[in-house]
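Only one structure is covered here, and it is reproduced in the block below.
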Amino acid sequence: MVASQKLAMANDIVKTTKSEVAMALKKAAPALGIDGTTYHILDILIGLTAAEDWSQDRRPLVAISNEKLAEYVSRSSRTVVRSLRRLVEAGVLAYKDSPTGRRYIYRAGEDRQIERGYGLDFSPARQRLDELKQIGAEFAARLAQEKEAKRTVSRLSRAMTDLFRLAAHEELDVSEIARAFNELMDQPMGIVERAEALTMLHELLVARFETAEDTSEKGGAEPQESAVFFEEKSEMSCTEDNDVTPYNNTTSQNSWIKSKQQHASNDASIYNHKSGCTEFEMAPEKDPKSETRAISQASGKTESLNWSEHADPYENDQFSPLLSEVSLGLLGSATQETQGALGLDLSSWSSLIDSSDDMRLLIGLSQKGWFDARNRVGDYTAAAVLITTVEKALRDPESIARPAGYFRACIDRAVDGKLALHRTLFGLAASGGSAAAEN
């Protein structure tokens, strides 16, 4: 708080604008721990400042009482006081109250300069503009790194599942690597560290196959059959890695699902023909978890495997009836403000899920609350409900007192089969189109 007061009293005023500081603050807010009600109050306060007060010869003050803020955000005055304190401690605001505790601004002259003013001062945020931009950029880079790490974990874990299945068929001993894989997936660690460790383990497993192939060739064995089988299995791994909605969503979801099921059936028949055994005749690609368990049991291992980091979201959703009524096009037309605020390109379901962390921060939803929702209704359904909640909160903040609570209530209704999400989306799309026509 003292540091914020010193920044407010600085003489070397940074030249900036209201919009520039507002954008920097919103990008750095998650890294500064500003979320939920505090973020809502910050947004209101920035909106109440006059654009001309952000010039170098003025002071960006906003005069509003705690009681009025409490009405705006539907919270108690004590909650508002705590949120303002968080903003001051984060180096965004500084207190400039009058001796009586009142906040007011008197303006004079044609240019409406502040003659006397007491309230909440945004000068600390103005002075820290470059620092806030750097914090926001580093936070965005860390999010991108974590998203890429999640993709790496999902891709490599499935590829290794195929390789373990192939090792069982070729009678290649990879029990140590399989045990290390199980321990790695069960051990709690950061997603970036998990991705790096899994990359090294995958390279070790591939090297084991290459060594076995070289040994087979030197021994005079005929490697042609195994080579063809390994190539076909590698193609199956790539197909399984791409088990998401195509980026260019030009075909209907139902036809795409049918083609995937047909492709899985063809892969299973190829595998059964090559393997010549009956224990894999149940199309193992449909359940990578069970097939890895079977391989672990065949190798004499009983370790459990944590698949929460790399489960297929389609398998979690099981193509629920709720999603059958909600298309990606409907979500895109109904959530224009959310896409504009986050810079979201809603061209695929995967891009929607990748932006879930940014969206939950906007409504103050905890990471535990988001994980619980995903476990109950699946990634896709949870993401569709989340972006709908964010859109409603952005359009009319006063209509939803607690967006995170509203999201949880929608998840409860979805579990009970009582959530008509498509009706809400149709209403948002219609109201958004009407507003655009009026403008």
Item to complete: Just do the side-chain contact (heavy atoms from CB on, under 4.5 Å) check on V385 and L419 with the steps written out, would you?
Response: CA-CA 10 Å; V385 175; L419 180 64; 3.9 Å; yes
Discussion item. The test is side-chain contact (heavy atoms from CB on, under 4.5 Å); show your working for L84 and Y95 and say whether it passes.
Written reply: CA-CA 9 Å; L84 292 176; Y95 293 119; 4.2 Å; yes
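- Checked options E71, K68, E67, R82; the residue passing with S77 is E67 (criterion: side-chain contact (heavy atoms from CB on, under 4.5 Å)).
- Side-chain contact check for R395 and S431: at least one donor-acceptor pair (N or O, by modelled atom type) lies under 3.5 Å.
- Side-chain N or O atoms of R208 include none that pairs as donor or acceptor with a backbone N or O of V174 at under 3.5 Å.
- Side-chain contact between L344 and T335 is absent, with no heavy atoms from C-beta onward closer than 4.5 Å.
- R179 and E183 are not joined by a salt bridge, as no carboxylate oxygen comes within less than 4.0 angstrom of a charged side-chain nitrogen.
- With a 4.5 Å cut-off on side-chain heavy atoms, T17 and W54 do not count as touching.
- The aromatic rings of Y106 and Y104 are tilted relative to each other, their planes meeting at an angle between 30° and 60°.
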Worksheet item: Going through the distances and angles, do I135 and E131 end up as a side-chain contact (heavy atoms from CB on, under 4.5 Å)?
Response: CA-CA 6 Å; I135 292 174; E131 181 185 356; 4.0 Å; yes
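- No side-chain heavy atom of M23 sits less than 4.5 Å from a side-chain heavy atom of L132.
- Between T389 and M359 there is no side-chain heavy-atom pair separated by less than 4.5 Å.
- Once rounded to the nearest 0.5 Å, the distance linking OG1 of T338 with CG of L428 reads 9.0 Å.
- Between the side chain of S76 and the main chain of T79, a donor-acceptor pair closer than 3.5 Å is present.
- Put simply, the side chain of Q127 gets close to the backbone of V14: a donor and an acceptor are under 3.5 Å apart.
- Closest approach of I400 to A393, counting heavy atoms only: CD1-N, 4.1 Å.
- Interatomic distance, OG1 of T388 versus CG of L331, reported as 6.0 Å (0.5 Å rounding).
- Residue L394 holds its CG atom at 12.5 Å from CD of Q336, rounded to the nearest 0.5 Å.
- Of all heavy-atom pairs spanning F164 and A178, the tightest one is CZ-CA, 3.5 Å.
- For A197 against L184, the heavy-atom pair with the smallest separation is CB-CD1, 3.7 Å.
- Using a cutoff of 4.0 Å between basic side-chain nitrogens and carboxylate oxygens, E138 and R142 are not scored as salt-bridged.
- Remark: K96 NZ is packed, more than 12 non-hydrogen atoms of other residues, nucleotides or ligands lying under 6.0 Å away.
- With sequence neighbours left out, R102 forms a salt bridge (Lys or Arg N to Asp or Glu O under 4.0 Å) with no residue at all.
- Enclosure of atom CD in E176 is not indicated, since only 12 or fewer non-hydrogen atoms of other residues, nucleotides or ligands lie within 6.0 angstrom.
- The nearest pair of heavy atoms linking A382 to F407 is O-CE1, 3.7 Å.
- Nearest heavy-atom pair, S327 versus W349, reported as atom, atom and distance to 0.1 Å: C-CZ2, 4.5 Å.
- Between the side chain of R103 and the backbone N or O of V62, no donor-acceptor pair lies under 3.5 Å.
- Put simply, the residue from L61, L42, L87 that forms a side-chain contact (heavy atoms from CB on, under 4.5 Å) with F122 is L42.
- Ion pairing between D372 and R408 fails under the 4.0 Å rule for side-chain N and carboxylate O.
- D121 is listed as a side-chain neighbour of P60, based on a closest heavy-atom distance under 4.5 Å.
- Side chains of I363 and L386 form a contact here, defined as non-hydrogen atoms less than 4.5 Å apart.
- Identified under the salt bridge (Lys or Arg N to Asp or Glu O under 4.0 Å) test for residues 410-432, with sequence neighbours left out: R376-D412.
- Considering every non-hydrogen atom in both A384 and L421, the closest pair reads CB-CD2, 3.9 Å.
- When atom types are taken as modelled, the side chain of E337 and the backbone of E391 share no donor-acceptor pair closer than 3.5 angstrom.
- Between L361 atom CG and S366 atom OG the span is 10.5 Å, to the nearest 0.5 Å.
- Side-chain contact between D357 and Q367 is absent, with no heavy atoms from C-beta onward closer than 4.5 Å.
- In summary, D53 and R107 engage in a salt bridge, as defined by a charged side-chain N under 4.0 Å from a carboxylate O.
- Counting non-hydrogen atoms of neighbouring residues, nucleotides and ligands closer than 6.0 angstrom, the CZ atom of R85 reaches no more than 12 such neighbours.
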Practice prompt. Just do the salt bridge (charged side-chain N to carboxylate O under 4.0 Å, His left out) check on D354 and R151 with the steps written out, would you?
Written response: CA-CA 10 Å; D354 290 342; R151 297 188 185 100; 2.5 Å; yes
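- Between the side chain of K18 and the backbone N or O of T49, at least one donor-acceptor pair lies under 3.5 Å.
- When the options V206, T199, L205 are evaluated for a side-chain contact (heavy atoms from CB on, under 4.5 Å) with H202, the one that passes is V206.
- When atom types are taken as modelled, the side chain of S154 and the backbone of K150 share no donor-acceptor pair closer than 3.5 angstrom.
- In the displayed structure, R402 atom CZ is contacted under 6.0 Å by at most 12 heavy atoms of other residues, nucleotides or ligands.
- Taking CG from L163 and CZ from F181, the interatomic distance works out to 10.5 Å, rounded to the nearest 0.5 Å.
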Discussion item. I'd like to know whether V153 forms a side-chain contact (heavy atoms from CB on, under 4.5 Å) with M185, so could you lay out the CA-CA distance, the side-chain angles of the two residues, the decisive distance to 0.1 Å, and finally the verdict.
Written reply: CA-CA 10 Å; V153 169; M185 301 309 296; 4.1 Å; yes
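- Proximity of a side-chain donor or acceptor of S351 to a complementary backbone N or O of S348 within less than 3.5 Å is detected.
- The backbone N or O of G332 lies less than 3.5 Å from a partner atom in the side chain of Q339, making a donor-acceptor pair.
- Of the possible polar contacts, none joining the D43 side chain to the Y39 backbone as a donor-acceptor pair under 3.5 Å is found.
- Rounding to the nearest 0.5 Å gives a distance of 10.0 Å between CD1 of I13 and OG of S55.
- Side chains of I41 and L45 form a contact here, defined as non-hydrogen atoms less than 4.5 Å apart.
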